[in-house]
Every structure is written in C-alpha cells, then in structure tokens.
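Let me begin by presenting the structure, written as structure tokens, before commenting on it.
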Amino acid sequence: VGFSTAGYLGIGPGATVTLLDSDEAELGLLTGLAGPGDARLTAVNGLAMNVGETLTGSGTIDGALSLGGGLISPDVITVGGDGSIVASDVPAVLDFASSLTFGLGGTFDAQITGANRAPAATDFDVIDAVGDVDLTGGLLNLRGSYVVTRNDPSLILLSSAGLTGLTGEFTGLSEGDTVPFNGVDLKISYMNNRVELFHPEPIVTGTANDESFLVSVNGGNIQIFQDGTLIREVPLGILDSLTIDGGDGDDVLLVDFTNGNPIPDGGLYFNGQAQATPDGDSIVLNGGTWTTNTYNYTNANDGNVDLDGSMIYYTGLEPLANTGTVADIIFNLPNTVNPDVVLSDSAAAGQTQLSGSTFELTIFNNPTASLTINGGNLEDTITLQSVDAGFTADIRVDGGAPTSGTGDLLIDELTSSPLVLIPTINNYVGNFAILGSGNEVTFFNFEGFNSTTQVFDIQIDLSASNDGVLTNAPFSLPAGLGV
C-alpha cells in the first residue's frame with residue numbers, strides 16, 4: 001500500500017501493521033510505533049524512506065529498511081485514537097528484525113539522558129538489528145543534556161547481529177574519532193559490530209571487599225575483569241587512559257601482556273586506596289618482552305613503572321611483581337633518606353627483589369643485560385645482599401649526590417658471583433672502581449663502602465675532579481686487600 005509523503009502511521013501497543021507492496025513500501029512523513037517491544041511494522045518487500053521522513057517510537061521493524069535520507073529517532077511515544085503520535089522525549093529501543101541501510105543523509109538521531117541500559121528501559125536511544133547494518137553515507141546526531149562521566153559505562157547506540165554485521169561508518173566519524181557532547185570529547189568505535197561511545201579516560205571503581213582486577217588484550221580489544229567477570233571491553237587505541245580505584249579491601253591488579261599490551265597511550269592508573277590487612281594492595285605484571293623497565297619510586301606506596309614508554313602509575317600500593325622478560329632494569333629511589341635498601345634473592349627461581357622501608361617491595365625476573373639502582377638526594381644505605389642463582393646481568397649502583405648528611409653507604413655482601421667494576425668512572429667526587437672477575441658491577445657517588453665477603457684490588461681516580469677522594473671515602477674491607 002505505502003503512504004504519500006504527507007502520510008502518518010501510528011501503530012499502537014500490541015498492534016501489527018503489514019505492508020504487502022510488491023516492491024519497497026514507502027513510509028510517510030512520520031511513522032511511530034508505540035511499544036516497547038510489542039508494536040510491529042512488517043513489510044513483505046522491505047521499506048524505504050526519503051528526506052524529511054521520520055521513523056520513531058519503540059517496537060520492531062520487520063523488513064529491510066533503506067533510509068534514503070530519512071531520520072530514525074527512537075523514542076517512547078503514544079498513539080491516540082485518531083492516529084495522532086505524541087512523543088514523550090524519553091529514550092527507547094527500536095528493533096530491526098532485518099537489515100538497515102542508512103544511505104546518503106540517513107540520520108540516527110540519538111537522545112542521551114543517562115548512561116544506563118536495562119532490558120526494560122534505557123537512558124539513551126538504541127537501535128538493535130538482527131540483520132546487517134550499513135552506515136555508509138549516514139549521519140549521527142546526538143542530543144540531550146546529560147554529561148557523560150568517567151565512571152559511566154560505554155554507550156552502545158547500535159548493534160548488528162547479521163551475518164555480515166556492521167559495515168561502513170557515519171560520515172565524518174572514523175574509528176576512534178572524537179565526538180563532542182556537552183563538553184566531553186567522547187570516542188566512537190565501530191568494532192565488534194556495534195556503534196559505541198566511550199569516555200576516553202574511564203574509571204573502574206572497586207568496593208570495600210578484597211577484589212582482583214585483570215586488564216588484558218583479547219583480539220583487538222582491551223578487556224577489564226573484576227573478580228573474574230568481564231565489566232568493560234574497549235577496542236585498542238580508543239582510550240587515552242584507564243584508572244582503577246581499588247576501594248577498601250586488599251586488592252590485586254593483574255596486567256597481562258601475554259596477548260599484547262593493554263596499557264593506553266596516556267597510562268594505566270591504579271589507586272589501591274585503603275587496605276584490610278598489612279598485606280595491602282598489589283600489582284602483578286605478567287609477561288611481555290621489554291628493552292627497559294624503569295621503576296620510579298615516590299614514597300613507600302606511590303610511584304610509577306615505565307615499560308618501554310608504557311606507563312603504570314600507582315598510589316597506595318604495597319608489593320609489586322613483574323614476570324616480564326627485560327634486558328635492562330632501572331630503580332630510581334625516592335628523594336628521601338633511604339636507610340635500608342636491599343637487593344636480594346627472591347623465593348621464586350629466576351627472580352630477584354629490591355626492598356626497603358621507603359618504597360614498595362618489588363619482585364622481578366632477572367634482567368638479561370643490566371640492573372641499575374639510583375639513589376635519592378639524601379642519604380642512602382644500599383646493601384647488595386644476594387641475587388638469584390641464575391642472575392647474570394651487570395649491576396650499576398649510583399648513590400646520587402646527597403644534599404645533606406654524611407653521605408651514602410654501599411654494603412657488598414654478594415657471594416654468588418664475583419664482581420668486576422668498570423675502572424673508567426670520571427667526573428664524580430668520591431668515585432671509585434673495583435676490579436675482579438665475573439659480571440660487571442659499577443658504583444659511584446658513595447662516601448663509604450663496606451665489603452664483608454670479597455677481596456678486591458681498588459683503583460681510585462685521583463684526577464683533578466676527584467681530589468680528596470681518599471679522605472672522603474672510608475673503606476671497610478677484609479684482610480688481604482691490595483691497593
């Protein structure tokens with residue numbers, strides 16, 4: 001039958017209208033379904049719309065629809081006894097039992113009044129299609145006064161369950177582009193056969209219970225799990241940053257690099273917050289192959305980890321563990337008095353650890369090339385106690401330049417492998433080098449050195465830049481030392 005361009009069709013709750021046109025049935029100026037879910041418009045040979053025509057309401061369209069410049073605006077409506085259509089300005093879900101083709105100028109007019117989506121209600125307009133959806137040439141228009149927050153879930157505006165699924169993109173909006181809406185620059189994605197809007201810097205919030213969080217990569221998506229339940233799935237490259245607030249329990253964040261790097265370009269933030277027991281909150285970095293891992297400690301619980309430029313920032317943390325493969329590891333100690341820094345063997349084979357009262361215990365896989373410990377700007381006492389039996393990397397220790405106090409002290413208790421220290425350290429007051437055999441260990445900017453286990457020859461640089469080194473560096477070494 002079809003309708004003239006001036007026609008109106010209102011389908012009330014529970015009603016079904018079937019169009020038996022021999023070709024596409026042409027809809028009129030306004031077509032409305034007063035669902036939700038139980039109002040149905042069926043077209044045996046499909047439907048067509050033109051510029052200036054609108055499809056609204058909530059219910060089911062059963063028949064392939066070609067917008068051809070028309071507009072879809074899901075909304076809760078009422079249909080009067082005279083066929084009049086009254087919009088309520090309440091978002092709704094419009095279901096398509098077949099395919100949907102936007103075409104040039106076809107528009108999805110999506111109202112957003114919140115971020116919640118429930119089976120019986122929604123805070124934003126949604127198109128759900130059982131068939132394929134082609135967005136090519138289509139337009140997306142967002143309206144409403146709601147301001148999307150960092151704690152909100154993503155907004156899945158459209159989804160397709162067809163064999164081909166979702167194809168094309170809205171005009172002017174490519175994958176990952178910014179969609180400004182009420183002062184927030186949302187990001188759009190067409191991955192996973194859906195049109196989805198994301199806040200670029202989301203926050204995942206824990207509870208007062210002990211919880212585990214997992215951030216990993218699956219295919220082309222970052223997945224976030226909370227106690228084993230998938231709570232967020234975001235295409236790679238969409239997020240600027242990701243923040244996880246642990247809550248009041250003893251929480252664990254596992255970042256899994258097995259299938260790729262899940263850290264957004266702007267970093268991953270983990271705020272452990274309060275803890276239930278002295279064990280506290282922790283981070284475990286699983287897998288990955290790196291050139292350099294740098295640990296920057298701010299204080300006993302805060303700092304960041306730089307994994308070849310991928311940043312993890314943390315607060316309120318206790319232990320930290322990293323099982324990745326890395327060539328070089330750098331530890332930058334806090335700018336405070338660090339009285340009890342200890343490098344020692346860890347309980348697990350293939351791992352060593354660094355501990356101290358001014359930063360979080362850090363357990364790491366043995367580096368393959370080098371390990372560097374850089375002191376802070378006050379007094380440091382650094383003990384090389386032991387390393388894992390398989391540790392073969394060079395060790396470099398720099399006490400830094402204390403701004404006050406009696407200076408830094410290095411205590412060498414290593415017995416598992418003799419140390420060879422690079423003999424060419426220049427331009428540092430108080431520098432010295434020790435020669436032996438085995439791996440290289442370099443240390444400088446220490447005012448004191450104490451070795452309880454090794455016998456070494458000492459080379460002291462007495463160049464102009466290092467005059468007075470003998471009087472400023474008290475050495476405590478075992479008998480038999482040759483100078």
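Atoms considered below: every heavy atom in the structure, side chains included; atoms not considered: hydrogens, waters and symmetry mates.
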Original post:
Which residues pass the ring pair (Phe, Tyr, Trp, His ring centres under 6.0 Å) test with Phe213, sequence neighbours left out?
Top reply: none
Original post:
Can you tell me if CG on Leu230 sees more than 12 non-hydrogen neighbours from other groups inside 6.0 Å?
Top reply: yes
Subject >> Flag if over 12 foreign heavy atoms under 6.0 Å of CG, Asp265 >> reply: no
Closest contact, heavy atoms only, [X] versus [Y]:
X	Y	result
Ser357	Ala300	O-CB, 3.7 Å
Val337	Pro339	O-CD, 3.3 Å
Ala39	Ser58	CB-O, 4.3 Å

Original post:
Can you list the steps and then say if Gln223 with Leu214 is a side chain to side chain contact (heavy atoms under 4.5 Å, CB included)?
Top reply: CA-CA 8 Å; Gln223 292 187 326; Leu214 167 63; over 6 Å; no
**OP:** Write out all pairs satisfying ring pair (Phe, Tyr, Trp, His ring centres under 6.0 Å) with one or both partners inside residues 339-358, taking only residues at least two apart or from two chains.
**Re:** none
**OP:** Take Ile363 and Thr352 through the test side chain to side chain contact (heavy atoms under 4.5 Å, CB included) and record every step on the way to the result.
**Re:** CA-CA 6 Å; Ile363 302 170; Thr352 303; over 6 Å; no
Does a side-chain heavy-atom distance below 4.5 Å link [X] with [Y]?
X	Y	answer
Leu333	Ile373	yes
Leu307	Thr292	no
Leu94	Leu55	yes
Val215	Ile222	yes
Leu142	Ile112	yes
Glu318	Leu361	no
Asp185	Val179	no
Met191	Val234	no

Original post:
side-chain hydrogen bond (donor to acceptor under 3.5 Å, both in side chains) between Asn221 and Asn192: does it pass, once the steps are laid out?
Top reply: CA-CA 9 Å; Asn221 299 312; Asn192 308 310; 3.2 Å; yes
As an exercise, state the distance from [atom1] of [X] to [atom2] of [Y], rounded to the nearest 0.5 Å.
X	Y	atom1	atom2	value
Asp345	Asp388	CG	CG	5.0 Å
Leu67	Leu100	CG	CG	5.5 Å
Leu104	Thr136	CG	OG1	10.5 Å
Asp394	Leu371	CG	CG	10.0 Å
Ile72	Asn141	CD1	CG	13.0 Å
Asp340	Thr381	CG	OG1	8.0 Å

Consider only side-chain N and O atoms of [X] and [Y], and report whether a donor and an acceptor are under 3.5 Å apart.
X	Y	value
Gln351	Asn365	yes
Asp134	Thr101	no
Ser99	Asp132	no
Thr358	Asn338	yes
Asn322	Asn293	yes
Tyr297	Thr362	yes
Asp302	Tyr313	no
Arg150	Thr243	yes
Thr258	Asp256	yes
Asn193	Ser160	no
Asn296	Asn332	yes
Thr205	Asn151	yes
Asn271	Asp245	yes

Subject >> Test log, rule side-chain hydrogen bond (donor to acceptor under 3.5 Å, both in side chains), inputs Asn304 and Tyr269 >> reply: CA-CA 9 Å; Asn304 65 69; Tyr269 295 77; over 6 Å; no
Subject >> ring-ring contact (aromatic ring centres under 6.0 Å, His included) evaluation trace for Phe102 with Phe170 >> reply: CA-CA 9 Å; Phe102 274 76; Phe170 286 119; 5.5 Å; yes
Original post:
Angle class for the Phe331/Tyr295 ring planes (parallel below 30°, perpendicular above 60°, tilted otherwise)?
Top reply: parallel
Return yes if some donor-acceptor pair links the side-chain N/O of [X] with the main-chain N/O of [Y] below 3.5 Å, else return no.
X	Y	answer
Asn45	Glu24	no
Asp125	Gln111	yes
Gln226	Ser212	no
Asp380	Gly376	yes
Asp398	Asn374	no
Ser66	Ala64	no
Thr122	Phe124	yes

Between [Y] and [X], is there a salt bridge with N-O shorter than 4.0 Å?
X	Y	result
Asp128	Arg194	no
Arg40	Asp62	yes
Lys187	Asp177	no

**OP:** Run the numbers on Ser73 and Asp75 for side-chain hydrogen bond (donor to acceptor under 3.5 Å, both in side chains), then give the verdict.
**Re:** CA-CA 6 Å; Ser73 181; Asp75 199 358; 5.5 Å; no
Subject >> Residue from Ile156, Leu155, Leu135, Leu173 passing side chain to side chain contact (heavy atoms under 4.5 Å, CB included) with Val195 >> reply: Leu135
**OP:** Might you work through the salt bridge (Lys or Arg N to Asp or Glu O under 4.0 Å) test for Arg143 and Asp109, ending with a clear yes or no?
**Re:** CA-CA 7 Å; Arg143 60 187 174 90; Asp109 185 56; 2.6 Å; yes
Subject >> Working for side-chain hydrogen bond (donor to acceptor under 3.5 Å, both in side chains), residues Glu196 and Ser189 >> reply: CA-CA 5 Å; Glu196 195 165 5; Ser189 175; 5.7 Å; no
